[in-house]
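This report refers to the structure that appears directly beneath it.
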2 protein chains.
Amino acid sequence: MQSQLELRHLKTLLALAECGSVSQAAKRVFLTQSALSHQLKALEEAYGLALFERKTQPLRFTPAGERLLALARDVAARVMQAERDLARLREGEAGELRIAVECHTCFDWLMPAMDAFRQHWPAVELDIVSGFHADPVGLLLTRRADLAICSEAEPQDGVVYQPLFAYEMVLIMAKDHPLAAKPVWQAGDFADETLIHYPVPDVMLDLVRKVLKPAGVNPARRTSELTVAIIQLVASRRGVAAMPFWAVKPYLDRGYIASARIGDAGLQSELYAALRQDDAGLAYMHDFLHTVREQSFATLPGLSVLA
Amino acid sequence: MQSQLELRHLKTLLALAECGSVSQAAKRVFLTQSALSHQLKALEEAYGLALFERKTQPLRFTPAGERLLALARDVAARVMQAERDLARLREGEAGELRIAVECHTCFDWLMPAMDAFRQHWPAVELDIVSGFHADPVGLLLTRRADLAICSEAEPQDGVVYQPLFAYEMVLIMAKDHPLAAKPVWQAGDFADETLIHYPVPDVMLDLVRKVLKPAGVNPARRTSELTVAIIQLVASRRGVAAMPFWAVKPYLDRGYIASARIGDAGLQSELYAALRQDDAGLAYMHDFLHTVREQSFATLPGLSVLA
DNA sequence: CTACAATCATGAGGCAATTTCATTATTTTA
DNA sequence: TAAAATAATGAAATTGCCTCATGATTGTAG
């Protein structure tokens, strides 16, 4: 035994199981691929057992690897629970967490996270600030909300931003759309299309703000409140829309619609949580953010970490 | 959070709970007192909570400390179980473990350890080589035993020694013995006494071999097979005996007998496990030794670690 | 089938975290 | 009250982990 097992190793195994590759897992735990490779090699040498088959994508765990993975899940949950208990000893059980949301699709990942959080902090009053506000951070400072989900971290006095995750917005269109074979759309391709989107101001539509407006393209518009409705309209050739990849993947897999990248580099979206500086130290806040990330990475496809 | 929780911290907490003091715990985990002091301070800072009250002997855990300690017990057990499972994947379930014992009192700690081991390795044939042999290591090489308990690590080809623990042999006498007030006995004090001991050769009696014989003192003798019988004889003023402190502590506490140190430095005894070199890598052997140490330190008072 | 992209492995070197050392402060015991 | 044991502290040193740079391997597209 040259290297003793540590929690760090178990966390690596968890990331590895979720990502299916060493390099992806490395990003998840904020280390280099090399670091993880060394770490895993040391583990395998310490136990004298192969823990994975690397020659496959995603990589497969051996029975020994599975056993350690089971330990990791088990131990990680218990450590988290203990740390929550310590936080409660330190700061008490109660608190308030009113969440302001500006994006419609956010509810997809917000609900499961809130459910998990409610289990862990039953005495924290959890709420969603209703309506879609152009300035969720304003609600923070006027104390009508305690946490705001937003897509940019504009520096502001008394407010701190915590990165959640990043993802790609893809263009969706009908399967028989004339440009369905085009893998990448440029701003000009939108000129004669109808753009379908949620009924929110243009500044909240990344496609308009970052791509179309700079290029002076101004397609026809149509709005809808519901994600499924938008997808239905797109499939019915009423127009095209920009959606998070993770929101439309099920429909793509089933062949209901087609998708394309927006711009050569893709239209990247980021999500941050904004908090009042005074609240930044609260344990239940940290735990909520942790839960959001954990739940989201576990359930949404194609997410990437955000520094 | 400046320091992330690691298994190392949990092991420290376990040692601390068992020893009741930082410096004793440090010996247990083979680190310096300073290292543990730093480690604990970092933990407390990371969680923003006091984990112990230091101004007491033995030190008391705060509720937060208790919570972390509970985590440590829980996690340590699960990690051990997982590592046993890995060892079984590597080396199989079965094996043979015949134990040769040369000392009578050894059974006190051997039985609980064997019980625990049997739970963990049900497919390993566990046995005790009956009778008391002057040369247990010989049984090893002739393959009539797989592990020998002995009090000295005499280098021998093909045999490796693993330290178990160390303890002090104390002299016991009747409460109204003329020398009962003497805290330390020297060799000469034995001249007119009757020495009661197990019926084994003199070389196996540390008191005779290390103290009396070098001083040319040769007291009267009387033997008995059973520890309780020897204690009964001592209490009945039939003579004095040398016994491990941990074996007689209950009787001392109840006031049945009195004790004294043997020689100014005390008569220190050590116990080693001898194995055939070929078997030194076997996981169930390591696990057995680990179990012996764990069980013994947890139940026998006054043990000390042995490098 | 070859070339390219992505993923993984490896060794050397740097750096940070932990440990030890040396000393002082505190508590317990005689 | 002194002496012994235990704990805290800061600086130095070591260990071990991570990153960097590069080569090997695997998967994929043309």
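Quick note on labels: first sequence line is chain A, next is B, and so on, each numbered from 1. Every heavy atom of this structure was used, including side-chain atoms; hydrogens, water molecules and symmetry mates were not.
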Value in whole Å for how far the [atom2] atom of [N] lies from [atom1] of [X]:
| X | N | atom1 | atom2 | answer |
| --- | --- | --- | --- | --- |
| Gln24(A) | dC8(C) | CD | C1' | 13 Å |
| Lys41(A) | dC18(D) | NZ | C1' | 16 Å |
| Leu7(B) | dT18(C) | CG | P | 14 Å |
| Leu36(A) | dA9(C) | CG | C1' | 13 Å |
| His9(B) | dA17(C) | NE2 | P | 12 Å |
| Leu51(A) | dA9(C) | CG | P | 12 Å |
| Glu6(B) | dT15(D) | CD | P | 20 Å |
| Leu59(A) | dT25(D) | CG | P | 18 Å |

_Has Glu6(A) got a side-chain atom pairing as donor or acceptor with Arg8(B)'s backbone, closer than 3.5 angstrom?_
yes

*For residues Lys182(B) and Gln186(B), report the shortest heavy-atom separation together with the two atoms involved.*
NZ-N, 4.4 Å

*Which is true for Ser21(A) with a 4.0 Å heavy-atom rule: it touches a base, it touches only sugar-phosphate, or it touches nothing?*
sugar-phosphate

*asked:* Under 4.0 Å, counting only non-hydrogen atoms across every strand here, what does Ser23(B) touch: a base, just sugar-phosphate, or nothing?
replied: sugar-phosphate

*For nucleotides 21-30 of chain C, read 5' to 3', which letter fits each nucleotide if B means a protein heavy atom sits under 4.0 Å from the base, S means only the sugar-phosphate is that close, and - means neither?*
B-----SS--

*asked:* According to salt bridge (Lys or Arg N to Asp or Glu O under 4.0 Å), who are the partners of Lys210(B), at least two apart in sequence or on a separate chain?
replied: Asp206(B)

*Identify which one of Trp246(A), Phe245(A), Trp109(A) satisfies the ring pair (Phe, Tyr, Trp, His ring centres under 6.0 Å) criterion when paired with Tyr167(A).*
Trp246(A)

*asked:* Please tell me whether His290(B) and Gln162(B) have a donor and an acceptor in their side chains that are separated by less than 3.5 angstrom.
replied: no

*Is it the case that Gln81(B) and Arg84(B) place a side-chain donor and acceptor less than 3.5 Å from each other?*
yes

*Step through the shown structure and confirm whether more than 12 heavy atoms of other residues, nucleotides or ligands are within 6.0 Å of OH on Tyr256(B).*
no

*Does Gln39(A) have a side-chain nitrogen or oxygen under 4.0 Å from the phosphate oxygens OP1 or OP2 of dC17(D)?*
no

*asked:* Check this one for me: any side-chain N or O of Ser37(B) less than 4.0 Å away from OP1 or OP2 of dA8(D)?
replied: yes

